[in-house]
Amino acid sequence: MDTWEIVEGAGETKHVIRVGTRKSQLARIQTDSVVEMLSKRFSSTHFEIVAMSTTGDKILDTALSKIGEKSLFTKELENALEKNEVDLVVHSLKDLPTSLPPGFTIGAVCKRENPYDAVVFHPKRFGNTLSTLPEKSVIGTSSLRRAAQLKKKFPHLEFKDIRGNLNTRLRKLDEQEDFSAIILAAAGLRRMGWENRIGQILTSDECLYAVGQGALAVEVRAKDQDILSMVSALQDPETVLRCVAERAFMKKLEGGCSVPVAVSTVVKDSQLYLTGAVYSLDGSDSLKETMQSCINFPQQEVEGPNDDVQHVGITALGVSHQALESAECLGTGLADLLLSKGAKEILTVARQLNDSR
């Protein structure tokens with residue numbers, strides 16, 4: 001079946017675009033939201049959703065950081081994209097590695113939801129914050145980044161791995177007495193309509209977020225100009241620039257699920273501010289710095305040969321190349337600053353410790 005298959009019915013002809021997604025409820029909700037935005041803009045196109053399971057969905061008994069595979073939630077979807085079984089794929093940007101396989105690109109990064117982490121408390125503990133929980137309360141998170149920061153900030157708490165999709169994790173929290181609270185991305189809870197379960201949103205002083213957290217990415221075949229130009233309608237320039245800086249920072253540090261790397265970005269008065277940090281597994285050792293860069297450049301009217309240059313896996317049609325370059329250099333520059341202060345040593349030890357756990 002080729003891209004742009006034609007469907008006829010009710011006297012009209014529609015192109016069909018197949019959209020790949022993971023099967024989890026959150027993935028489906030995220031994909032539906034992207035399809036809805038595309039349908040409004042391209043009413044003569046029919047979007048068909050193709051759901052599939054990924055390796056990350058199947059391995060539920062192991063912490064993500066222990067599996068060590070960067071494309072846990074993306075490989076099967078990319079295989080379908082490569083074989084022309086789907087035309088575009090919707091991901092959480094934070095699931096996508098900073099280097100994509102050849103032939104693929106992120107054609108759009110949609111407007112970012114709240115990127116911060118949220119605390120969901122056991123019903124018996126509702127009304128607490130992390131600081132008011134009793135001594136030795138157990139907090140569930142499978143993220144080394146969250147655990148490293150929160151261990152340091154809240155030494156009276158204990159942290160244990162918890163795996164599974166959002167539904168599974170919430171069920172484990174509510175039905176068992178093992179956890180006083182779990183930490184999840186605020187964006188996922190909001191998209192699921194579970195905002196009422198959020199007991200506390202962690203500030204950047206308490207917990208910097210993951211690279212790309214809260215943003216949705218649309219991955220396409222890099223040479224598929226029709227689809228690339230279609231999905232670029234969803235591009236949110238500010239989100240793209242923030243995420244390019246974050247991903248460039250992560251790429252230079254060679255970070256991933258198996259090391260605690262965290263970020264925060266803000267755009268203010270034409271300046272992009274990037275805060276980046278690395279941590280030891282227990283949070284006792286850390287490096288954190290902030291740098292800024294100007295991102296206020298006019299968008300060039302002329303489409304040049306560099307129009308589809310990738311920046312850390314993202315092709316951002318309609319966003320100023322100078323701004324993208326500036327954002328990418330900011331991320332790389334901040335990583336270089338941390339590396340000059342000993343970040344590599346901290347991350348190497350963290351990686352070795354995690355591997356031996």
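Under the 3.5 Å distance criterion, with hydrogens and angles disregarded, no donor-acceptor pair is assigned to the side chains of Gln271 and Ser293. Remark: the Thr105 side chain and the Thr315 side chain contain an N/O donor-acceptor pair separated by less than 3.5 Å. No side-chain donor-acceptor contact under 3.5 Å links Asn79 and Glu85. Between the side chains of Thr275 and Glu289, no donor-acceptor pair of N or O atoms lies under 3.5 Å. A donor and an acceptor atom, one from each side chain of Thr203 and Asp205, are nowhere located under 3.5 Å apart. Using a 3.5 Å distance cut-off with no hydrogens or angles, the side chains of Asn165 and Gln25 do not pair a donor with an acceptor. When only modelled atom types and interatomic distance are considered, Arg112 and Thr239 share no side-chain donor-acceptor pair under 3.5 Å. With 3.5 Å as the limit, one finds a donor-acceptor pair spanning the side chains of Glu328 and His311.
Closest of all the heavy-atom pairs between Lys94 and Ala210 is CD-CB, 4.3 Å. Listed here is the closest heavy atom pair of Ser39 and Phe47: OG-CD1, 3.5 Å. Of all heavy-atom pairs between Glu48 and Val16, the closest is OE1-CG1, 3.9 Å.
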*Derivation of the side-chain contact (heavy atoms from CB on, under 4.5 Å) call for Ile227 and Ile17*: CA-CA 9 Å; Ile227 300 287; Ile17 301 289; 3.5 Å; yes

*Stepwise, does the side-chain contact (heavy atoms from CB on, under 4.5 Å) test hold for Val349 with Leu281?*
CA-CA 9 Å; Val349 172; Leu281 287 192; over 6 Å; no

*Carefully, step by step, assess Ile106 and Leu96 under the rule side-chain contact (heavy atoms from CB on, under 4.5 Å).*
CA-CA 9 Å; Ile106 296 163; Leu96 281 170; 3.7 Å; yes

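With salt bridges taken as basic N to acidic carboxylate O contacts below 4.0 Å, one links Arg190 and Glu113.
Evaluation of the side chain to side chain contact (heavy atoms under 4.5 Å, CB included) rule for Ser143 yields Thr141, Arg145, Arg146 as partners, not counting sequence neighbours.
Rounding to the nearest 0.5 angstrom, the gap separating the CG atom in Leu150 from the SG atom in Cys207 is 4.5 Å.
The hydrophobic cluster containing Leu170 also contains Leu166, counting ILVMFWY residues as joined when their side-chain heavy atoms lie under 4.5 angstrom apart, directly or transitively.
Between Lys153 and Leu130 there is no side-chain heavy-atom pair separated by less than 4.5 Å.
Other residues, nucleotides and ligands contribute only 12 or fewer heavy atoms inside 6.0 Å of the CG atom of Asp269.
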